[in-house]
Amino acid sequence: MTHKSKNLKEWEETTLKDFIKKRPEIKEKFTTISGSEIKRLYTTEDIKDFDYDEKLGYPGEYPFTRGVYATMYRGRLWTMRQFSGFGTAEETNQRYKFLLENGQTGLSVAFHLPTIMGVDSDSPLAKGEVGKCGVAVDTLKDMEILFDGIDLEKITTSMTINAPAAILLAMYVAVAEKQGADLRKISGTIQNDILKEYIAQKTWIFPPKPSMKLIVDTFEWCSENLPKWNSISISGYHIREAGSTAVQELAFTLRDGIEYVEWAIERGLDVDKFAPRLSFFFNSHNDFFEEIAKFRAARRIWARVMKERFNAKNPNSWKLRFHTQTSGFSLTAQQPYNNIVRVAIQALAAVLGGTQSLHTNSMDETLALPSEFAVQIALRTQQIIAHETGVANTIDPLAGSYFVESLTDKMEKEAMEYIEKIDKMGGMVAAIEAGFPQREIQDAAYEYQKAVESKEKIIVGVNEFVVEEDQPVDILYIDSNVEEKQVKRLKKIREERDKMKWENSLKELKFAAEKDLNLMPYILDAVKAYATIGEIVNTLKEVYGEYEEPIFI
Amino acid sequence: MERKIRVLIGKPGLDGHDRGAKVIARALRDAGMEVIYTGLRQTPKQIVNTAIQEDVDAIGLSILSGAHMRLFPEVVKLAREKGLNDVIIFGGGIIPEQDIPKLKEAGVAEIFLPGTPTEDVIKFLRENVKRK
């Protein structure tokens, strides 16, 4: 005799009801870390009208829900790409070699704040900041040292740089040229995503219009000169770190992407020429399934947007390829070794979500930049997932789960609501000017803090399972003479460079900016003349002005 | 009626991370204090000038970029030079524990690390601010 289960309603009224009488549920509402309510149980009922072909399809094919490549990790593992940089270019070059020796497969450059803000190491604004949260890069000379002994034709490099991204790209290209590399072979990414700066990371320089113009310049120039280069990494990581929910991260990132595509098309670029080289960057946070659903929803939404909203014809234009970083904010300063566990779980979510590239945080990053010891563990975390757990054996293993598919659909629906709302506001630049995404994020950040303080959300070691802390871990200290060294180097470069060549290059750059030409060739000339980042940025500030922050708590 | 505690929350240096500063600012405001937020990328001089203008009882500084050892003592030094001797200066951000004693020596009253409940900051200010 075959067994026949009850239906859901019967189960709820009998077995469930009886059990709850004996053992009531621990809380009234179970929510994701973002506050999204999660049901006790998901069944076929939740994906009643699920059409496999429409919702999922096959890996490497529209709508790409299951993955952007036909073989995913069976053909090639995600790139293990640790974000890294500190002190001078020499020190960071050494750390890059250490990471490569330990099995990292791609480079990722963290620049210090002066570079990020377009300020030179000898500027009064740079005092105390030189080499502290990234590598000090002022001129092409620093980039040459940074990549010394590293063959740019053989490794891909991601550079986390936004407002002055075009300048750092030009420097990278100049280094590649000096190495005799074929520019058509070099590959990497510049983050180059100014919209999320206004929204979340807040390292802007120029106002929105000229910033968008510079970005489209890079799309145009890269599609002609660097066919394998990802001209942008449209980011949600920072939006999430600033306090947004998972849905907001998803929605604002994709809406930023839509904005970039619109502006590029407005310039007259052919969508199928630049879209295949747009890439994305997401956060991998603590709520395991919410993150996996988010990644899958992202692919599906973007594919549809590119195909239907923008009429892209090249299938490569429909593919959302992304890098992931595990959440920095989720780590604790208390009991820092616990962070190794958090990162492992977050990294696993990214892999199950089909990421192309991954950075795992080090356990000491709530205290300082990663020590060698800590970053090695972070890298090993990825290697263990890749080689010991079996999760890379099959593609999109969680597909078909009643829970994961429901959650993917839910995230898609909620993200689309935000996207449509921003469309109605007149687009992302308009929404930013109205302060909309910024306020959403600030409110979510405050709500989260209240939830933690009321113990509605538990953070192990912080509001529960608290101990009297042990000796602090050994951390990386940036040498106090880094600033002095860098300032000396800069002085020497200013003295030794060809002054006429340098002066002309900046004059030409200003002229080109005033005439609204594509600035890449002019920036290239300036970096090759050893103009500093500060000098180039100041030249552009004369034409573009500076962004003024709207201040509200 | 006793005057409300007035706090300036400042972001010295180039660092753009303002989540913590804004959460603290909001929590202090919800706790009944008057809060002024400086916005990003303030020099120590600008922060101290604003503190004088706004006649604050306390200055809270936030840095996540590692530049705290230079910038926090600089703010303290300038504040004292300008006669703000009773203004409590406190801070937070990404600061190794090993740096805290040196910062306190330089005149920073307290450092609140990641994970600190906002209630702790509120309590600290209520107990330590020298009322005018």
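Worth saying up front: this structure is predicted, and the values here are computed from it rather than measured. In what follows, every chain begins at residue 1, and chains take the letters A, B, ... in the order their sequences are listed.
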List for me each residue that meets side chain to side chain donor-acceptor pair (under 3.5 Å) alongside A/Glu197, sequence neighbours excluded, and say none if there are none. A/Asn162, A/Gln201, A/Thr203
Closest-packed option against chain A by number of heavy-atom pairs under 4.5 Å, given [options]:
{"options": "B/Gly93, B/Gly13, B/Gly20, B/Ala27", "result": "B/Ala27"}
{"options": "B/Ala25, B/Ala21, B/Ser65", "result": "B/Ser65"}
{"options": "B/Arg41, B/Glu97, B/Lys22, B/His17", "result": "B/Arg41"}
{"options": "B/Asp30, B/Val35, B/Thr116", "result": "B/Asp30"}

What part of B/Leu40 lies closer than 4.5 angstrom to a heavy atom of chain A: side chain, backbone, both or neither? both
Quick one: which residues of residues 99-108 of chain B reach chain A at under 4.5 angstrom, heavy atoms only?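 If one takes a 4.5 Å heavy-atom cut-off, the residues of residues 99-108 of chain B near chain A are B/Asp99.
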Filter on ring pair (Phe, Tyr, Trp, His ring centres under 6.0 Å), then keep only pairs touching residues 75-115 of chain B, sequence neighbours left out; what's left?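 The answer is B/Phe112-B/Phe124.
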Examine whether an atom of [X] lies under 4.5 Å from a heavy atom of chain B, and if so say whether it belongs to the side chain, the backbone or both; otherwise answer neither.
{"X": "A/Ile551", "result": "side chain"}
{"X": "A/Pro114", "result": "both"}
{"X": "A/Lys127", "result": "both"}

Mind ranking A/Lys450, A/Lys132, A/Glu241 by heavy-atom pairs under 4.5 Å with chain B and telling me who comes out on top? A/Lys132
Surrounding CD of B/Gln98 (heavy atoms of other residues, nucleotides or ligands, distance under 6.0 Å), is the total greater than 12? yes
Whether the B/Thr118 and A/Gln449 side chains hold a donor-acceptor pair (N or O, under 3.5 Å, no angle test) is what I'd like checked.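 No.
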Among residues 440-447 of chain A, those lying within the under-4.5 Å heavy-atom range of chain B are A/Gln442, A/Asp443, A/Ala445, A/Tyr446
Output yes when a side-chain donor or acceptor of A/Glu129 lies under 3.5 Å from a complementary backbone atom of B/Gly66, and no otherwise. no
Are B/Pro96 and A/Tyr477 close enough that some pair of their side-chain heavy atoms sits under 4.5 Å apart? yes
